[in-house]
Amino acid sequence: MKANKEFQDQLENLLKQYERDVFEAQENGYLKENTSKTYLLHANNFTKWCKGDFVPGGRNHNK
């Protein structure tokens with residue numbers, strides 16, 4: 001997928017806010033470090049997918 005530039009910019013801003021919320025939840029003891037990493041990994045992958053820079057399972061396409 002390749003979203004338009006305006007959407008990508010909005011998504012980047014939302015991702016930054018989401019990252020802050022995840023880190024705050026971790027600092028407050030609501031999330032463990034590994035859980036935070038998982039949340040952020042998947043959010044970043046979704047953002048990359050919207051930009052056309054990520055394909056789910058892409059590493060396995062060449063096998």
Side-chain angles (χ1 to χ4, degrees):
M1 174 185 192
K2 179 86 171 176
N4 67 48
K5 179 72 171 129
E6 182 181 345
F7 177 78
Q8 289 180 30
D9 291 343
Q10 289 175 330
L11 190 57
E12 282 292 329
N13 289 331
L14 289 169
L15 179 62
K16 289 175 187 176
Q17 181 180 345
Y18 181 73
E19 289 173 342
R20 287 190 299 267
D21 289 349
V22 169
F23 286 130
E24 182 179 332
Q26 181 181 334
E27 289 172 4
N28 289 328
Y30 303 130
L31 295 174
K32 293 187 178 184
E33 183 178 352
N34 282 340
T35 304
S36 295
K37 286 180 182 180
T38 299
Y39 282 16
L40 297 175
L41 172 68
H42 294 293
N44 277 292
N45 285 345
F46 176 73
T47 303
K48 289 179 188 178
W49 176 77
C50 288
K51 293 179 176 183
D53 295 335
F54 180 82
V55 175
R59 286 190 285 178
N60 296 323
H61 280 225
N62 296 330
K63 290 183 179 182

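These values consider heavy atoms only, across backbone and side chains, with no hydrogens, waters or symmetry-generated copies. Everything quoted here is computed from the prediction, not taken from an experiment.
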Could you list the donor-acceptor pairs under 3.5 angstrom formed by side chains in residues 14-23, with sequence neighbours left out?
none

State which residues pass side chain to side chain donor-acceptor pair (under 3.5 Å) with Q26; sequence neighbours excluded, sorted by chain then number.
-> S36
Should F7 and F54 be counted in the same cluster of Ile, Leu, Val, Met, Phe, Trp and Tyr side chains packed under 4.5 Å apart?
-> yes
Only counting residues at least two apart or in another chain, list the ones meeting side chain to side chain contact (heavy atoms under 4.5 Å, CB included) with N28.
-> E24, Y30
Considering residues at least two apart in sequence or located in another chain, which fulfil the salt bridge (charged side-chain N to carboxylate O under 4.0 Å, His left out) criterion with E33?
-> K37
Contacts of K5 that satisfy salt bridge (charged side-chain N to carboxylate O under 4.0 Å, His left out) - sequence neighbours left out | D9
Is there any side-chain hydrogen bond (donor to acceptor under 3.5 Å, both in side chains) pair reaching into residues 43-53, and which pairs are they, with sequence neighbours excluded?
-> E12-K51
Under the side chain to side chain contact (heavy atoms under 4.5 Å, CB included) test, which residues partner T38, sequence neighbours left out?
-> H42
